[in-house]
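Note that ligands are numbered from 1 as they come in the structure, with each ligand's atoms numbered from 1 the same way.
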Amino acid sequence: MDCGPDVVSDAWQRLDDELARWRDAGRSVEFWWRDDDAAQWTPALAQLLGLAQRFDIPLALAVVPASAEAALFAQLTDEICVLQHGVDHRNRSAAGAKRAEFACDERTEDAVARIGAGRARLAALAGARWTAAFAPPWNRLPEALAARLAEAGLRGLSRFGPRQRAQPAPGLVQVNAHVDLIAWRGDRGFVGVPAALEQAVRHLAARRTGRVDRDEPTGWLTHHLQHDAATWRFLEQLFERTRGAARVRWLPAPALFATGEA
Ligand SMILES: [Zn+2]
């Protein structure tokens, strides 16, 4: 991967150009930030929260209920929103299949009950920071189960990639992430500035031209436990460049997952 200074500055330029096209069309760009896999208070999580605070960017922290420690929540500032990241984050897929906590051979009733119990535990721990949205581990969830999340007390769903529908089920709003900073199939480090920004520009252009849902905010997905120095540096630059930029808004989770129902 060639990440020389020209390649990097060209990539930022392409993002700036795309943001300018939105401005020219009289539209605001909405971004949001989801970070997965929090459970314990770690130095990486402290660094993540420091970043959110320093740049005043709303952070949706997807926490694993079964392994969530109470000490974690004592450290969160009021601006952090807590989402539910699965229940125990254990892979239940058959050997060789793509990893998923919610594999198709678990009875839907059982999965709904597990999710509901996880939701209750996490909501109690998170208190006022709780946002009733579900981000399944590995972004995978059978449709039959998505349709029943409301029964488990959830009103939001977040997976990966442009959403097919804003409301996949009654009482459920879907807002996905679209930019993944980690090279999962590579060295599990940072994907690099060009690859990260390319994902964002591609989603923004697809929204602008109506090839995907125009109204789905572009979501940046991070995994604080995986971040190397380059990932942290990239996030700093991204926030520095976009925070306060004309017609760019970073949305907090409660605004994303509002169903319009009381
Ligand atoms: Zn995860």
Side-chain angles (χ1 to χ4, degrees), residues 32-49 51-52 58-69 71-73 75-76 80-104 106 111-112 114-119 121-123 125-126 129-143 145-146 149 152 154 156-161 163 174-191 196 199 219-228 231-232 234-235 253 256-257:
W32 77 290
W33 179 18
R34 187 183 112 205
D35 183 274
D36 284 2
D37 297 343
Q40 280 108 40
W41 183 248
T42 60
L45 186 56
Q47 191 165 354
L48 188 83
L49 300 186
L51 201 58
L59 170 60
L61 193 64
V63 180
V64 181
S67 48
E69 291 182 349
L72 162 74
F73 301 91
Q75 304 281 351
L76 300 183
I80 307 297
C81 291
V82 171
L83 316 185
Q84 181 174 350
H85 191 40
V87 179
D88 59 15
H89 211 298
R90 197 160 65 74
N91 177 28
R92 287 175 174 76
S93 285
K98 286 184 172 169
R99 288 187 292 174
E101 177 174 344
F102 301 97
C104 289
E106 183 179 18
V112 170
R114 257 186 345 106
I115 292 170
R119 193 266 310 147
R121 174 164 204 266
L122 195 57
L125 285 167
R129 299 180 193 89
W130 167 244
T131 301
F134 190 76
W138 300 286
N139 295 299
R140 297 196 180 97
L141 192 72
E143 290 307 320
L145 192 48
L149 283 180
L154 291 149
L157 170 63
S158 183
R159 292 183 278 196
F160 192 83
R163 66 186 176 192
Q174 178 168 223
V175 184
N176 295 339
H178 310 87
V179 183
D180 191 337
L181 301 191
I182 305 298
W184 297 107
R185 273 166 284 188
D187 62 0
R188 299 167 78 86
F190 182 42
V191 291
Q199 295 173 68
W220 300 79
L221 177 60
T222 62
H223 286 79
H224 62 279
L225 295 170
Q226 292 287 133
H227 291 183
D228 54 18
T231 313
W232 291 117
F234 171 77
L235 284 171
L256 300 169
F257 297 104

By salt bridge (Lys or Arg N to Asp or Glu O under 4.0 Å) - contacts of Glu69 (at least two apart)
none

Output, in order, the C-alpha distance, side-chain angles, deciding distance and verdict of side chain to side chain contact (heavy atoms under 4.5 Å, CB included) for Arg140 and Phe160.
CA-CA 9 Å; Arg140 297 196 180 97; Phe160 192 83; over 6 Å; no

Sort by chain and number the protein N/O/S atoms found under 2.8 Å from the Zn ion (ligand 1).
Asp37 OD1, His85 NE2, His89 NE2

Step by step, work out the side chain to side chain contact (heavy atoms under 4.5 Å, CB included) result for Leu61 and Phe73.
CA-CA 11 Å; Leu61 193 64; Phe73 301 91; over 6 Å; no

Will you find, in the side chains of His85 and Asp37, an N or O donor that is under 3.5 Å from an N or O acceptor?
yes

Within the side chain of Arg159, is there an N or O that forms a donor-acceptor pair under 3.5 Å with the backbone of Leu141?
yes

Would you name the heavy atoms of Val191 and Ala196 that are closest together and state the gap between them?
CG2-N, 3.8 Å

